[in-house]
Amino acid sequence: MPSADLPLTECRTYRPALPLPDGFDDFWSATLNEAPHDGVPVKPRYRRVDCGLTQVRTYDVSVPGYGGRPVHGWLHMPAGATEPLGCVVEFLGYGRGRGLAHEQLMWACAGYAHLVMDTRGQGWSAAGGPTTDTDPGAAGTVPGFLTRGIESPETYYYRRVFTDAVRCVEAVRDHPEIDPARVVVTGVSQGGGIALAVSGLVEGLAGVMPDVPFLCNIPRAVRIAGVPPYTEVAAYLRLHRDRTAPVFRTLAYFDAAHHATRATAPALFSVAMMDEICPPSTCFTAYNRYAGPKDVHVYEFNGHEGGAEHHRAQQLVWVRSLFAGPPTGRADPRTPSPP
């Protein structure tokens, strides 16, 4: 379908006014410094699973996420690795679960550790998805996740998701077989928005790869996207006509275009110019505001599928260049994975 958004020449320089909400940095500092709800930190757990694969080891992972509640994932590692590994942490698209244990093997086959984080409460469009979201949402939410708890930043759904994502990065950095200085975060759509949030919340990442990222310049996206998920917010505001200002105030704390201004790691973006789900001008808002070194691959005639496997090939080359050189090392790289 032809693009109804800004042309590419305008997108490349598009920097709309997007005011940072009051106390943005303090809000996130306080969120990430909160103690678990029971006051007792729990360490990540790794359980080896037999997928019938001989060249990849897979672990069922449970990481203490927001409030200390468990967030699940798969950790894939190349069999026979003898030195600390670079790691790719991947966040998933809207509605997707972590899938089955033998899926998503590309990064492990390339020689890296690969953690796939389950997104709490989601998983209706892919197998898996055991991570629940038990925090209450607000009454009258629209089906989906964009309006869950939207009355305030403290109760909003993505406060929990972004915290989960940070905890997963912290977990892999503490893993004895992973080099903490060589961790890259990535994701498509919702996963790309989460990766951008993490890029601004976690220091010292080796790289960031947001593909057709969601949750960028949310006020514009809600107003011009004609298909879900952004339409969930528009539907909510059609019902709650008096809540426009507080809703957009809440969403501002979770706008990946704001988090991008805090990022320092190298980034490789992708944007699709015929994307009806994540309009290209919103993706370019985050790209143009991204504070670290950056590059973008534009897929002019693609929709939300973006570059797909063509872009995966570009990512493989890019990550290999990031991880070139010896690992920073651990005291004993032969330390076995946690049971």
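Residue numbers count from 1 along this sequence.
- Counting all heavy atoms, side chain and backbone alike, A272 lies closest to P280 at O-CB, 3.7 Å.
- The pair R262-D25 meets the salt-bridge criterion, with a side-chain N (NZ, NE, NH1 or NH2) lying under 4.0 Å from an Asp/Glu carboxylate O.
- A108 and P78 get closest at one heavy-atom pair: O-CB, 3.6 Å.
- In summary, of the residues considered (W28, Y290, F254), a ring pair (Phe, Tyr, Trp, His ring centres under 6.0 Å) with H259 occurs for W28 alone.
- A donor-acceptor contact shorter than 3.5 Å links the side chain of S199 to the backbone of L196.
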### Message
I'd like to know whether S189 forms a side chain to side chain contact (heavy atoms under 4.5 Å, CB included) with H304, so could you lay out the CA-CA distance, the side-chain angles of the two residues, the decisive distance to 0.1 Å, and finally the verdict.
### Response
CA-CA 8 Å; S189 190; H304 196 54; 2.8 Å; yes

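- A263 and A291 get closest at one heavy-atom pair: O-CB, 3.2 Å.
- In this structure the side chain of P84 never reaches within 4.5 angstrom of the side chain of E177, judged on heavy atoms.
- A continuous path of hydrophobic side-chain contacts links M117 to L215 [ILVMFWY only; heavy atoms under 4.5 Å].
- Checked against salt bridge (charged side-chain N to carboxylate O under 4.0 Å, His left out), D164 has the following partners two or more places apart in sequence or in another chain: R120.
- Taking 4.5 Å as the limit, some side-chain heavy atom of F91 sits within range of a side-chain heavy atom of V198.
- The OG1 atom of T282 lies 9.0 Å from the OH atom of Y14; values are rounded to the nearest 0.5 Å.
- Side-chain contact check for P266 versus D295: every heavy-atom pair is 4.5 Å or farther apart.
- Formation of a donor-acceptor pair under 3.5 Å by the D255 side chain with backbone atoms of N217 is found in this model.
- Put simply, the residue from H76, H114, E103 that forms a side-chain hydrogen bond (donor to acceptor under 3.5 Å, both in side chains) with T58 is H76.
- With rounding to the nearest 0.5 Å, the separation of CZ in R12 from CG in L6 is 13.5 Å.
- By the side-chain hydrogen bond (donor to acceptor under 3.5 Å, both in side chains) test, R159 pairs with T31, E34, Y66, sequence neighbours left out.
- In the hydrophobic clustering of this structure, V169 does not group with V88; members are Ile, Leu, Val, Met, Phe, Trp, Tyr whose side-chain heavy atoms approach within less than 4.5 Å, directly or through other members.
- Within the 4.5 Å cutoff, the side chain of V208 has no heavy atoms near those of the T186 side chain.
- C216 approaches A286 most closely through the heavy-atom pair SG-CB, 3.6 Å.
- In the hydrophobic cluster analysis, where Ile, Leu, Val, Met, Phe, Trp and Tyr join through side-chain heavy atoms closer than 4.5 angstrom, L237 is grouped together with L251.
- Residues W318 and V188 do not share a hydrophobic cluster, clusters being chains of Ile/Leu/Val/Met/Phe/Trp/Tyr side chains in contact below 4.5 Å.
- Separation of atoms CG (L316) and NE2 (H311) is listed at 10.5 Å; rounding is to 0.5 Å.
- For the atom pair SG of C168 and NE2 of H72, the computed distance is 11.0 Å after rounding to the nearest 0.5 Å.
- Here E170 does not pair with R173 in a salt bridge; the nearest charged N to carboxylate O distance is not below 4.0 Å.
- Between F145 and Y157, the two ring planes are tilted [angle within 30° to 60°].
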### Task
Please report the C-alpha distance between E90 and W74 in whole Å, then the side-chain angles of each, then the deciding distance to 0.1 Å, and finally whether the side chain to side chain contact (heavy atoms under 4.5 Å, CB included) criterion is met.
CA-CA 10 Å; E90 183 170 357; W74 298 122; over 6 Å; no

### Message
Does M77 form a side chain to side chain contact (heavy atoms under 4.5 Å, CB included) with L85? I'd like the steps, not just the answer.
### Response
CA-CA 9 Å; M77 308 183 81; L85 297 166; 3.6 Å; yes

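- Proximity of D211 to Q315: side-chain heavy atoms (C-beta onward) are separated by under 4.5 Å at one or more points.
- Under the 3.5 Å distance criterion, with hydrogens and angles disregarded, a donor-acceptor pair is assigned to the side chains of R249 and Y253.
- Between F214 and Y230, the ring planes are tilted. Angles from 30° to 60° get that label.
- The shortest side-chain heavy-atom distance between I224 and S281 falls under the 4.5 Å cut-off.
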### Task
List the steps and the verdict of side chain to side chain contact (heavy atoms under 4.5 Å, CB included) for L92 and Q122.
CA-CA 10 Å; L92 298 171; Q122 298 189 26; over 6 Å; no

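- Inspection of the Y59 and R57 side chains reveals an N or O donor paired with an N or O acceptor under 3.5 Å.
- R223 forms a cation-pi arrangement with F248, by the criterion of a distance under 6.0 Å to the ring centre and an angle within 45° of the ring axis.
- Under the 30°/60° scheme for interplanar angles, the aromatic rings of Y287 and F284 are found to stand perpendicular.
- Distance CG/N302 to CE/M274: 8.5 Å, rounded to 0.5 Å.
- A tilted orientation is assigned to the rings of Y112 and W107, their planes being inclined by 30° to 60°.
- No donor-acceptor pair closer than 3.5 Å links the side chain of H310 to the backbone N or O of Y299.
- Linking ILVMFWY residues whenever their side-chain heavy atoms come closer than 4.5 Å, directly or via other members, places L146 and F162 in the same cluster.
- Of the inter-residue distances, the one linking H258 atom NE2 with L18 atom CG reads 4.0 Å to the nearest 0.5 angstrom.
- Residues T155 and G149 come closest through the heavy atom pair OG1-O, 2.7 Å.
- When atom types are taken as modelled, the side chain of D275 and the backbone of C278 share a donor-acceptor pair closer than 3.5 angstrom.
- For the pair V89/V184, no side-chain contact is recorded, criterion being any heavy-atom separation below 4.5 Å from C-beta on.
- Between D60 and R98, at least one side-chain nitrogen of the basic residue sits less than 4.0 Å from a carboxylate oxygen of the acidic one, meeting the salt-bridge criterion.
- A salt bridge is defined here as a Lys NZ or Arg NE, NH1 or NH2 lying under 4.0 Å from an Asp or Glu carboxylate O, and D5 with R220 meets this definition.
- Formation of a donor-acceptor pair under 3.5 Å by the R312 side chain with backbone atoms of A308 is found in this model.
- Listed here is the closest heavy atom pair of I194 and A165: CG2-CB, 3.5 Å.
- Using a 4.5 Å heavy-atom threshold, the side chains of V63 and R45 count as separate.
- Remark: the backbone N or O of C11 is paired with a side-chain donor or acceptor of N288 at under 3.5 angstrom.
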